[in-house]
Visitor: 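Structure provided below as structure tokens; questions to follow.
Numbers here simply count residues along the sequence, with the first being 1.
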Amino acid sequence: MIEWILNKVNKKISRAYRFFFPKRPWYSFYGDVPEHLDYPDVSIYELIERTAENYPYYYALEYFGKRITYREFILKIKKCASALIEMGVKPRDRVTICMPNTPSSVIMFYAINFIGASANMVHPLSSEKELLFYLRKTGSKYMLVIDFVYDKVKRIEKNTSLERVIVSAVSVDMSNTNHLLYWFFTGRKSKIEKDDKAIFWRDFIKSGILDRDMKPYQRNLNEEAVILYSGGTTGSPKGIVLTDMNFNALAMQGHLMCDPAKVGDSVLSIMPIFHGFGLGVCIHTPLYIGMKCVLIPNFSYRKFGKLIKKYRPNFIVGVPTLFESLIKSNIRDLSSVTCCVSGGDNLSLKLKKEVDAFLESRGSKTRVREGYGLTECTGAACLTPRRFYRENSIGIPFPDMIFKIVKVGTMQEVPSNVDGEICISGPTVMMGYLDNEEETRSTLRKHKDGRIYLHTGDIGSMDEQGFVYFKQRLKRMIISSGYNVYPSNIEAVLNEHPLVATSVVIGIPHPYKMQVAKAYIVLKEGYSASNSVKRSIREHCEKCLAKFSLPYEYEFRKVIPKTLVGKVNYRELERENVDAKLKE
């Protein structure tokens with residue numbers, strides 16, 4: 001009892017000291033979260049193995065009626081690792097995973113790590129040209145691929161280093177009933193012609209020998225473990241090299257910052273595993289905590305309400321478009337939801353307020369918490385605290401993560417509340433870009449304080465209390481007649497109009513202003529782009545925006561194009577605009 005009281009007193013003293021004498025301003029809002037963490041000297045796999053040892057009979061995965069406990073999960077990983085060794089995979093080999101969110105893809109990810117190889121994570125909807133690029137770039141000899149992509153792989157495999165291709169299916173690891181239904185409606189239509197290189201998942205797994213005492217390869221935790229790719233909407237995709245330490249640090253930081261995450265909670269793992277946000281935040285972090293990941297291989301925004309009703313998740317994590325679909329759903333009960341995190345793209349204040357009101361009206365006590373990160377820092381580095389909120393802020397840095405705002409193009413820190421480039425330092429920052437030293441040097445820079453900082457290419461600011469504010473990508477900034485025009489500011493104004501559902505602004509060429517803003521607008525259901533509606537939106541912008549930042553053109557759309565992970569595809573709109581001008 002005395003020890004418990006002393007512990008409580010020490011915590012209160014620590015919090016008071018931190019509030020009045022903070023080393024970093026954001027530490028004042030940490031509560032019981034420590035400023036620095038002790039990271040264990042273990043691999044990605046070993047961190048999850050520790051969880052399994054503590055909670056063997058809790059569920060790790062759920063997938064179409066089939067649940068897998070942590071004990072079963074570890075045994076499946078070991079069986080898969082044994083099969084990889086039988087196939088000839090060696091430490092430091094690169095194994096490509098070209099899969100949606102399924103148990104076989106998650107098991108394979110940890111099995112690759114178990115034997116000391118690297119996981120090369122690739123989007124299954126990639127074109128043949130993109131697949132060829134990813135396979136050649138990494139020199140992958142082995143690949144796990146979903147069955148409906150296998151034909152693409154077969155057409156290009158002679159131009160790669162591939163020796164064996166493991167073919168899986170969405171129906172693998174479903175319950176017997178769901179497997180039968182899937183086969184009846186979809187699976188039996190897909191026929192795979194087997195060859196010397198191809199092996200089906202079930203046959204592959206059978207080739208492994210289950211050794212319960214099998215030990216993981218002892219790897220250097222600061223060497224390559226995972227390769228993910230930049231989105232590709234800003235040019236050629238770059239391979240982002242991440243380590244065991246990167247992923248484990250993210251999991252431990254995320255657990256503490258994303259309270260009330262606890263053992264036995266469940267999360268809808270909708271964000272894909274080939275994306276940093278999906279793999280780091282929606283898979284590895286919850287598995288470290290002891291949560292259950294409900295794997296969703298093919299997300300439909302129209303069926304979002306049904307998913308929540310069926311699985312009653314505690315955590316909903318995703319990009320803003322996911323929360324747009326939430327408020328359009330007919331779900332009536334959200335009382336199970338204890339945490340909502342939005343990341344991966346800018347969450348407008350209007351949408352946040354709408355989602356918060358929707359959650360409250362459906363019985364949830366939580367509100368949307370906005371976070372921020374890049375694949376280059378393993379998916380997340382900053383989150384809005386549960387008890388502290390600043391309008392339009394993306395929150396405060398995770399433990400051991402240092403944020404600073406610098407003058408664009410320099411390493412010179414700017415004062416509080418002044419816009420500049422967001423720079424991040426800490427244990428989740430990547431090793432670098434794969435075989436691209438020049439790009440790595442320009443992105444990872446050593447500052448005067450001796451730290452290596454990730455120059456994000458994002459514009460933002462930090463207030464006196466350490467809350468960070470994201471404005472937009474540096475590459476999206478429009479320079480019109482010498483003025484800096486921020487598309488996100490224009491979008492915020494447009495979205496405040498009562499008839500506007502959503503909007504996107506891009507820069508288009510202008511003969512003497514260099515660039516001007518063009519607005520793409522989606523109206524709310526039941527409204528059309530009549531002359532009176534157009535006039536009302538223009539007048540609204542004229543009242544709320546400086547003259548130099550007013551949209552030069554307005555275009556009304558039914559939908560805004562999205563990337564494969566649900567982000568707004570600005571590049572597609574820019575290409576469309578260029579193509580339209582060429583045809584004139």
Side-chain angles (χ1 to χ4, degrees), residues 123 125 127 231-234 270-272 296 298-307 318-331 342 344-355 357-358 472-473 476 478 487-508 516-542 544-545 550-584:
H123 200 311
L125 296 184
S127 66
T233 57
T234 56
I270 293 169
M271 295 301 295
I296 310 297
N298 183 24
F299 178 66
S300 169
Y301 289 99
R302 292 190 302 275
K303 297 179 180 178
F304 193 26
K306 290 181 180 179
L307 284 175
V319 293
T321 49
L322 182 141
F323 291 100
E324 285 178 10
S325 66
L326 175 66
I327 59 178
K328 291 177 183 176
S329 71
N330 58 1
I331 185 75
S342 175
D345 212 344
N346 191 35
L347 178 73
S348 71
L349 182 60
K350 177 187 177 184
L351 178 58
K352 175 179 166 45
K353 289 179 177 178
E354 289 175 348
V355 176
F358 189 84
Q472 63 180 55
R473 292 287 297 172
R476 283 196 69 208
I478 301 166
S488 57
N489 289 349
I490 304 173
E491 290 161 1
V493 168
L494 286 165
N495 293 340
E496 287 171 358
H497 192 281
L499 304 185
V500 174
T502 189
S503 64
V504 179
V505 174
I506 66 169
I508 60 173
V516 289
K518 178 175 180 178
Y520 291 85
I521 299 168
V522 177
L523 295 172
K524 289 184 176 179
E525 289 185 18
Y527 294 95
S528 60
S530 64
N531 288 334
S532 62
V533 168
K534 291 178 182 179
R535 184 170 59 252
S536 174
I537 292 172
R538 285 179 186 272
E539 289 173 352
H540 172 70
C541 288
E542 287 167 1
C544 302
L545 291 169
L550 285 170
Y552 191 77
E553 291 182 20
Y554 297 80
E555 185 173 321
F556 292 83
R557 293 281 188 99
K558 292 292 184 184
V559 293
I560 296 294
K562 302 287 195 304
T563 67
L564 295 172
V565 296
K567 297 183 184 182
V568 173
N569 197 335
Y570 310 103
R571 290 295 184 188
E572 184 176 327
L573 291 172
E574 289 169 352
R575 284 193 294 269
E576 285 180 16
N577 187 74
V578 170
D579 292 343
K581 294 296 182 185
L582 290 174
K583 290 177 182 178
E584 289 180 358

Visitor: CD1 of I270 to CG of N298: how many Å apart, nearest 0.5 Å?
Guide: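 Between I270 CD1 and N298 CG, I get 11.5 Å after rounding to 0.5 Å.
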Visitor: Would you compute the distance between atom CG of L499 and atom OG of S530 and round it to the nearest 0.5 angstrom?
Guide: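 L499 CG to S530 OG: 8.5 Å, rounded to 0.5 Å.
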Visitor: Can you check side chain to side chain contact (heavy atoms under 4.5 Å, CB included) on L307 and I296, steps first, answer last?
Guide: CA-CA 9 Å; L307 284 175; I296 310 297; 3.9 Å; yes
Visitor: For Y552, give me all partners under ring-ring contact (aromatic ring centres under 6.0 Å, His included), at least two apart in sequence or on another chain.
Guide: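 Y552: ring-ring contact (aromatic ring centres under 6.0 Å, His included) contacts with H510.
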Visitor: Kindly say whether H540 contributes a backbone atom to a donor-acceptor pair with the side chain of H497 at under 3.5 angstrom?
Guide: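 Such a contact is absent between H497 side chain and H540 backbone.
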Visitor: What heavy-atom pair brings I490 and A517 nearest, and what distance separates the two atoms?
Guide: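 So the minimum-distance heavy-atom pair works out to CD1-CB, 3.8 Å.
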Visitor: Could you give me the CA-CA distance, side-chain angles and deciding distance for E354 and I327, then say whether side chain to side chain contact (heavy atoms under 4.5 Å, CB included) is met?
Guide: CA-CA 8 Å; E354 289 175 348; I327 59 178; 3.5 Å; yes
Visitor: Taking side chain as C-beta onward, heavy atoms only, is P320 less than 4.5 Å from N346?
Guide: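 When only atoms from C-beta onward are counted, N346 and P320 do not touch, as no gap falls below 4.5 Å.
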Visitor: Is there side-chain contact between E324 and T502, with heavy atoms separated by less than 4.5 Å?
Guide: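 Touching, per the 4.5 Å side-chain cut-off.
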Visitor: Distance from I521 atom CD1 to S503 atom OG, nearest 0.5 Å?
Guide: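 It is 6.5 Å, given to the nearest 0.5 Å.
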Visitor: To the nearest 0.5 Å, how far apart are CG in L322 and CG in L347?
Guide: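 With rounding to 0.5 Å, CG (L322) is 11.5 Å from CG (L347).
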Visitor: If a pair satisfies salt bridge (Lys or Arg N to Asp or Glu O under 4.0 Å) and one of its residues is in residues 491-500, list it, with sequence neighbours excluded.
Guide: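 Residue pairs with at least one partner in residues 491-500: R476-E491.
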Visitor: Decide ring-ring contact (aromatic ring centres under 6.0 Å, His included) for F304 and F299; before the verdict, give the C-alpha distance in whole Å, the side-chain angles of both, and the deciding distance to 0.1 Å.
Guide: CA-CA 8 Å; F304 193 26; F299 178 66; 5.3 Å; yes
Visitor: Minimum heavy-atom separation for S329 to I331, with atom names?
Guide: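 Looking at all heavy atoms of both residues, the shortest contact is OG-CG2, 3.1 Å.
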Visitor: Within a strict 4.5 Å, meaning less than it, do heavy atoms of the V504 and P487 side chains meet?
Guide: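 Heavy-atom side-chain distance check fails, nothing below 4.5 Å.
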Visitor: Would T321 and K562 count as a side chain to side chain contact (heavy atoms under 4.5 Å, CB included) here? Give the steps.
Guide: CA-CA 9 Å; T321 49; K562 302 287 195 304; 2.8 Å; yes
Visitor: Evaluate the side-chain proximity of F556 to I537: yes if any heavy-atom separation is below 4.5 Å, no if none is.
Guide: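 They are in side-chain contact.
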Visitor: Where the side chain of N577 meets the backbone of I508, is there a donor-acceptor pair that is under 3.5 Å apart?
Guide: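 Not a single qualifying donor-acceptor pair exists.
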Visitor: Is it the case that the side chain of K524 and the backbone of P498 share a donor-acceptor pair, with hydrogens and angles ignored and the cut-off at 3.5 Å?
Guide: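 Such a contact is found between K524 side chain and P498 backbone.
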Visitor: Do L494 and V505 touch side chain to side chain, with heavy atoms closer than 4.5 Å?
Guide: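 Counting from C-beta outward, L494 and V505 do come under 4.5 Å.
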Visitor: Starting at SG of C544, measure out to CG of L550 and round the result to the nearest 0.5 Å.
Guide: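 Reported to 0.5 Å precision, the distance equals 10.0 Å.
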Visitor: Just to verify, what does K518 make a salt bridge (Lys or Arg N to Asp or Glu O under 4.0 Å) with, not counting sequence neighbours?
Guide: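 With neighbours one apart ignored, the set is E553, E555.
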Visitor: Determine the minimum heavy-atom distance between L545 and P551, stating which atoms define it.
Guide: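 What the structure gives for the nearest pair is CD1-CD, 4.1 Å.
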Visitor: With F323, which residues qualify under ring-ring contact (aromatic ring centres under 6.0 Å, His included), at least two apart?
Guide: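 None.
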Visitor: Would you call L573 and P561 a side-chain contact if the rule is heavy atoms closer than 4.5 Å?
Guide: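 In short, these two side chains touch, coming nearer than 4.5 Å.
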Visitor: Please enumerate all residues that pass salt bridge (Lys or Arg N to Asp or Glu O under 4.0 Å) together with R538, with sequence neighbours excluded.
Guide: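 Expected list: none.
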Visitor: I want to check something: taking the side chain as every heavy atom from C-beta on, are S532 and R535 in contact at a cut-off of under 4.5 Å?
Guide: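 They are in side-chain contact.
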Visitor: Salt bridge (charged side-chain N to carboxylate O under 4.0 Å, His left out), that's the test. Do R557 and E576 meet it? Break it down for me.
Guide: CA-CA 13 Å; R557 293 281 188 99; E576 285 180 16; 2.4 Å; yes
Visitor: Roughly how far, to the nearest 0.5 Å, is the CG atom of L351 from the CG atom of N495?
Guide: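 Separation between the atoms: 8.5 Å.
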Visitor: Are the side chain of Q472 and the backbone of S488 linked by a donor-acceptor contact shorter than 3.5 Å?
Guide: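 Yes, because the side chain of Q472 sits within donor-acceptor range (under 3.5 Å) of the backbone of S488.
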Visitor: Restricting to ring-ring contact (aromatic ring centres under 6.0 Å, His included), what partner residues turn up for F358, sequence neighbours left out?
Guide: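 ring-ring contact (aromatic ring centres under 6.0 Å, His included) check on F358 returns nothing, list empty.
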